[in-house]
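Predicted model, so just to flag it, every value in this text is computed and none were measured. Nothing fancy with the numbering, it's 1 onward along the sequence.
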Amino acid sequence: MSTLRTLLGLVRLTAGRVVAALRPVLGIVTPLGWIVAGLALATGLAGGILGWPEFTYLGLTLAGGLVVAFAFLVGRARFRVEVELRPRRVVAGERAFGRLLVTSTGSRRSSPSRLELPVGRGVAEFAIPALAPGAEHEELFAVPTQKRAVIVAGPASSVRGDALGLVRRSVRWSEPVELFVHPPTVRLRPSAAGLVRDLEGEVTKAITDNDLAFHALRPYEPGDDRRYVHWRTTARTGRLMVRQFTETRRSQLVLLHYAEQRGYASEAEFELGVSVLASIAQQVLRDGTKVRIASGAGELRTATPVTMLDDSSRIEQRSTSATLRDFARDATKRMPPPSVLLVVVGSATAVGDLRAASTLFGQDTRTVGLRMEAGSDARLGLVGGVTVATIGALPDLPKLIGKLS
């Protein structure tokens, strides 16, 4: 029994190695090619078994077609391919162009070939003429940038094969290049976007023994930090006196973007929400206010406005069972308590969901719901302690933010 198992293991190992060795060769045949090969085998066998010469001739014809198709794979070009996108970052609707530069690096003249370059969801095809050693061929192409996205161009691959598509061999010559199509944004008034004016810290009514804003003196108690003893008053009164402070808190803005598809009435409304999020975040970062931003796929980078806009280009709609409250809880569990919480939602999101999300935070957090409703009039409202700003178009945002701050 053990010998049989050992034999089966050796057979499987050998078969695996044979398949791995043949995979590059077998991968050259397209699905249509395998169908033709199967038909050639079936008709050839049928002709031999049944004695029908018509089937035999058909099988030989199909097999001959495969042999001729393999002849188109003979030869190998040597290229250096460069793919450039200019500019690398654009706003949706702006023009962007690509450049494909092919240089022959072989020692002999190359044969004409075909290059395929995936651009976004499409594939561009370029006919490359025969090139002498060291010769170059340039192709220019336009990149569609009507929608916010991250468009990947590449990798560029040379393709050889027959006209019927029975066999195909491709060789990769370049790495993918990314083009960031940023969402449209509007410029906001400085310091308005953060809705918090206390960039150096807001003084509260809470009394603490360790802070910056001096409040008063009190008698020393066991356990007090002696660094805060006021020695001049102590010398004058004969009793140890220590300083008290009023607590200060640095501004902490959190922007949440609810990306669930069911929360928006249309794709245009979702895109409006991304533009509102990016506009506010961009101004906040310019003002130097601390901000954390989260969307459906995770937290966005906020090192610079450019990195934030790059990440906003990647935001996509989601279809999960997470409610707004679930999303807000999961997105902020590793964040410090916010001073101001801005939540971007669509018109299909109930106002009650905004109230439910606001209950996750304390009374010191100001919650503002930014509700996208494409085509409606801009307006402000207060529902259950949550300020709700309805935005019908991107140009409405500066006016509404001015009223909120």
ring-ring contact (aromatic ring centres under 6.0 Å, His included) filter on His182, not counting sequence neighbours, yields none
Pair up each side-chain donor or acceptor in residues 83-92 with any protein partner under 3.5 Å, not counting sequence neighbours, and list the distances.
{"residue": "Glu84", "atom": "OE1", "partner": "Arg86", "partner atom": "NE", "Å": "3.3"}
{"residue": "Glu84", "atom": "OE1", "partner": "Arg86", "partner atom": "NH2", "Å": "2.9"}
{"residue": "Glu84", "atom": "OE2", "partner": "Arg99", "partner atom": "NH1", "Å": "3.4"}
{"residue": "Arg88", "atom": "NE", "partner": "Glu178", "partner atom": "O", "Å": "2.7"}
{"residue": "Arg88", "atom": "NH2", "partner": "Glu178", "partner atom": "O", "Å": "3.1"}
{"residue": "Arg89", "atom": "NE", "partner": "Asp310", "partner atom": "OD1", "Å": "3.0"}
{"residue": "Arg89", "atom": "NE", "partner": "Asp310", "partner atom": "OD2", "Å": "3.1"}
{"residue": "Arg89", "atom": "NH2", "partner": "Asp310", "partner atom": "OD2", "Å": "2.8"}

When you measure from the side chain of Asp224 to the backbone of Glu221, do you find a donor-acceptor pair of N or O atoms at a distance under 3.5 Å?
yes
Can you confirm whether Val345 sits close enough to Leu370 that some side-chain heavy atom of one is under 4.5 Å from a side-chain heavy atom of the other?
no
Is the shortest side-chain heavy-atom distance between Val186 and Leu188 below 4.5 Å?
yes
Are a donor atom and an acceptor atom from the side chains of Ser111 and Arg160 found within less than 3.5 Å of each other?
yes
Is there a donor-acceptor contact under 3.5 Å from the side chain of Arg148 to the main chain of Ser312?
yes
Return all side-chain donor-acceptor pairs below 3.5 angstrom for residues 60-70, not counting sequence neighbours, or 'none' if the list is empty.
{"residue": "Thr61", "atom": "OG1", "partner": "Tyr57", "partner atom": "O", "Å": "2.8"}

Flag, side chain of Thr103 to backbone of Gly134, donor-acceptor distance under 3.5 Å
no
Work out which heavy atom in Leu117 is nearest to a heavy atom in Pro155; give both atom names and the distance.
CD1-C, 4.3 Å
Which heavy atom of Arg239 sits nearest a heavy atom of Pro219, and at what distance?
NH2-CB, 3.4 Å
Look at the side chain of Thr387 and the backbone N and O of Leu382, then say whether any donor-acceptor pair between them is shorter than 3.5 Å.
no
Taking Gly165's backbone N and O only, do any of them form a donor-acceptor pair with Thr30's side chain (distance below 3.5 Å, no angle check)?
yes
Please examine the side chains of Leu115 and Val102, heavy atoms only from C-beta on, and report whether any two atoms are closer than 4.5 Å.
yes
Result of checking Thr349, Leu272, Thr390 against Met372 for side-chain contact (heavy atoms from CB on, under 4.5 Å)
Leu272
Is the backbone of Val254 close enough, under 3.5 Å, to the side chain of Arg292 for a donor and an acceptor to pair up by distance?
no
Whether the side chain of Thr332 engages the backbone of Met335 through a donor-acceptor N/O pair (distance < 3.5 Å, no angle test) should be reported.
no
Will you find, in the side chains of Trp173 and Ser158, an N or O donor that is under 3.5 Å from an N or O acceptor?
yes
Basic-acidic side-chain contact under 4.0 Å: Arg371, Asp353
no
Over all heavy atoms of both residues, which pair between Ala130 and Arg109 is shortest? Give the atoms and the distance, please.
O-NH2, 3.5 Å
May I ask you to check whether Thr320 and Glu260 show a side-chain donor-acceptor distance below 3.5 Å?
yes
Taking atom CZ of Arg78 as the centre, does the number of heavy atoms from other residues, nucleotides or ligands within less than 6.0 Å exceed 12?
no
Which heavy atom of Leu164 sits nearest a heavy atom of Leu32, and at what distance?
O-CD2, 3.4 Å
Just by modelled atom types, is the His230 backbone N or O under 3.5 Å from a matching donor or acceptor in the Thr233 side chain?
no
With a 4.5 Å cut-off on side-chain heavy atoms, are Val150 and Leu179 touching?
no
Would you call the rings of Phe270 and Tyr264 parallel, tilted or perpendicular, taking 30° and 60° as the class edges?
perpendicular
Leu309 and Pro183: which non-hydrogen atoms are nearest, and at how many Å?
O-CD, 4.4 Å
Could you tell me whether the side chains of Ser174 and Glu82 share a donor-acceptor contact shorter than 3.5 Å?
no
Within the distance-only criterion (no hydrogens, no angle test), does the side chain of Asp396 pair as donor or acceptor with the backbone N or O of Ile391 below 3.5 angstrom?
no
Does Arg168 come within less than 4.0 Å of Glu116, counting only side-chain N to carboxylate O?
yes
Heavy atoms of Ile315 and Ser295 approach each other most closely as CG2-OG, 3.5 Å
Closer than 3.5 angstrom, by distance alone: can the side chain of Thr185 be matched with the main-chain N or O of Ala278 as a donor-acceptor pair?
no
Begin with the C-alpha distance, continue with both residues' side-chain angles, and end with the deciding distance and a verdict on side chain to side chain contact (heavy atoms under 4.5 Å, CB included) for Ser319 and Arg262.
CA-CA 7 Å; Ser319 296; Arg262 67 176 181 274; over 6 Å; no
